[in-house]
Amino acid sequence: MAFMNTFILLVAIVSIALAAPTLATDFVVGDESVWTLGLNYTAWAEGKQFYVGDKLIFNYKEGAHNVHKVDGAGFRECVAPLTSVALTSGNDVIPLATPGRKWYICGIGKHCADGNMKFLITVLPQMGPSPAPAPSPSTSTSSATYRVTGLQESFGLIIAAFGTFLMSFVV
Ligand SMILES: *[C@@H]1O[C@H](CO)[C@@H](O)[C@H](O)[C@H]1NC(C)=O
Ligand SMILES: [Cu+2]
């Protein structure tokens, strides 16, 4: 019986611990479309909220394009640093590990400069209201932030309630 109690307690704790990370979002760049020429990825990124723990997924025909993570200058000039290693698999997954600005370009030919294969995002910290200043803070941006935060909280509550439910079997 003591073993059972410990096991149930463990399950409850693990459920609570797992609650936050399961909310991470996988963003397929271009949504229904792919990483390709002539789409406006600035428009795609606009109005989306990216959080630490989310992922960017680039789908394209292997060899036709690639993905370089660059800095602000590389983004403006459409040049990847010589040391930068491109992602080339055609199904590239980039985990957003740190908050802040991130820039991505295609390094093939003039795809970045002429084909518009470039965009930047601002990754927000995972928890709480964002202290990072958005480029143009608007009421819609901040309400979206609160909505996500509220969602995380209510999800945590549900998991906690589930944990309590499991605990009730102990006594
Ligand atoms: C892409 O979309 C952005 C934001 O909607 C806009 O400012 C920009 O002019 C567009 N770029 C092109 C090349 O259409
Ligand atoms: Cu390309």
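Not measured: the values here are computed from a predicted model. All values below come from the heavy atoms of this structure, side chains included, with hydrogens, waters and symmetry mates left out. Counting starts at 1 for both ligands and their atoms, following the listed order. Positions are given from 1, in the same order as the sequence printed here.
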By atom name, which N, O or S atom belonging to His111 lies closest to the Cu ion (ligand 2)? ND1
Sub-6.0 Å ring centroid separation between Trp35 and Tyr41: yes
Tell me whether Cys112 and Cys78 have SG atoms closer together than 2.5 Å. yes
Do Ser89 side-chain atoms and Asn91 backbone N/O form a donor-acceptor pair below 3.5 Å? yes
Specify whether Phe27 and Trp44 have parallel, tilted or perpendicular ring planes, treating 30° as the upper limit for parallel and 60° as the lower limit for perpendicular. perpendicular
Under-4.0 Å protein heavy-atom contact, atom 11 (N) of ligand 1: yes
Any side-chain to backbone donor/acceptor pair from Asn66 onto Gly107? Under 3.5 Å, distance only. yes
With only distance considered, is Asn40 within less than 3.5 Å of ligand 1 through an N or O on each side? yes
Quick one: which ligand 1 atoms are inside 4.0 Å of a heavy atom on Asn116? 13 (C)
Have a look at the Cu ion (ligand 2) and estimate, to 10 degrees, the angle subtended by ND1 (His65) and SG (Cys106). 130°
Out of Val29, Asp54, Leu56, Thr42, which residue meets the side-chain contact (heavy atoms from CB on, under 4.5 Å) rule with Ile121? Leu56
For Ala43, the ligand 1 atoms whose distance to one of its heavy atoms is below 4.0 Å: 2 (O), 5 (O)
Starting from atom 5 (O) of ligand 1, locate the nearest protein heavy atom and write down its residue, its atom name and how far away it is, to 0.1 Å. Glu46 OE1, 3.4 Å
